[in-house]
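Since we're looking at a predicted model, the values are computed, not measured. No hydrogens, no waters, no symmetry mates; every other heavy atom, side chains included, goes into these values.
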Amino acid sequence: ANFKVAPYADLSNWPTPDLMAAKAATGITSYTAAFITSPGDCSPAWGGYASLSPSSTGSQIDAMNKTISDLQAAGGQVAVSFGGAAGTEVAAKCSSAASLKAAYKSVIDRYNLTRIDFDIEGAAQSDHASNVRRGQAIAGLQADAAAAGKTLTVTFTLPVLPSGLTADGLGVLQDTVSGGGRVDLVNVMAMDYGGPLQAWARALGGWTSAKDYWFPEIRSLPGAIFVI
């Protein structure tokens, strides 16, 4: 799937973001729906609210599911992001790779996804057991997709410094790969460099085009592409 531009939309906000209205206003047809986290157990829920499980019913979750399905029906594309700055990523609440894989798969199947994202921040970055477990679950999902003649694209969204990824962020990727998962693309949190700071960072690094942000430590990870 072609996701050249896929801005985040926080679907757990109220009122529910209207992806079709955003498409009409901007011409952007691909979005990253955020964030799926744990409601306290090994299950996925929007914003970590049990009432907003993808399989639940109710006015808010129904509106969230509808905005995704409407965009897809109109030819748009949706990726779903797990994690974020708040809440607990599901990997930390599942005791096995198999149960974690099942949790992720329930979201993939519910929304007919070809692409998922993991926004791993803060203390979650140094939770090596969860990171490896996530990599194992990803490997299983990617193998299942390949067996069905499909491709599941997996991206990570991570904090970044002018010199490249933080040590913890790089560790997340290394743990994922050690668990067998394939990392297809890494999105850096470019908002960390907004305004004058962004200009300063670019001048400091001599960065004049997108390719200048392909930090060396990413190139050693199988299949990884680094973009900003």
Are any non-hydrogen side-chain atoms of [X] and [Y] less than 4.5 angstrom apart?
X	Y	answer
V107	L113	yes
T37	V90	no
S106	P44	yes
I68	L11	yes
I116	I108	yes
V186	L173	yes

- [ ] State whether a side-chain donor-acceptor pair under 3.5 Å links D168 with T166.
- [x] no
TODO: Check the side chains of D119 and T157 for a donor-acceptor pair under 3.5 angstrom, ignoring hydrogens and angles.
DONE: no
- [ ] Indicate, with yes or no, if L52 and I36 share a hydrophobic cluster defined by side-chain heavy-atom contacts under 4.5 Å among Ile, Leu, Val, Met, Phe, Trp and Tyr.
- [x] yes
Do you know which two heavy atoms are closest between [X] and [Y], and how far apart they sit?
X	Y	answer
P54	R110	O-NE, 3.3 Å
V172	T176	O-OG1, 2.8 Å
A91	R134	CB-NH2, 3.8 Å

- [ ] Write out all pairs satisfying disulfide (SG to SG under 2.5 Å) with one or both partners inside residues 25-137, taking only residues at least two apart or from two chains.
- [x] C42-C94
Open item on the list: Before we go on, tell me: are the rings of Y8 and F35 under 6.0 Å apart, centre to centre?
Closed with: yes
Examine distances only and state if a side-chain atom of [X] and a backbone atom of [Y] form a donor-acceptor pair shorter than 3.5 Å.
X	Y	result
D127	S130	yes
Q136	S96	no
Q142	R182	yes
S56	S51	yes
T67	M64	no

Open item on the list: Going by ring pair (Phe, Tyr, Trp, His ring centres under 6.0 Å), name the residues that satisfy it together with F82, two or more places apart in sequence or in a different chain.
Closed with: Y104, F118
TODO: Please assess D117 against R115 for the test salt bridge (charged side-chain N to carboxylate O under 4.0 Å, His left out), listing each intermediate value before the final yes or no.
DONE: CA-CA 7 Å; D117 174 68; R115 184 182 183 113; over 6 Å; no
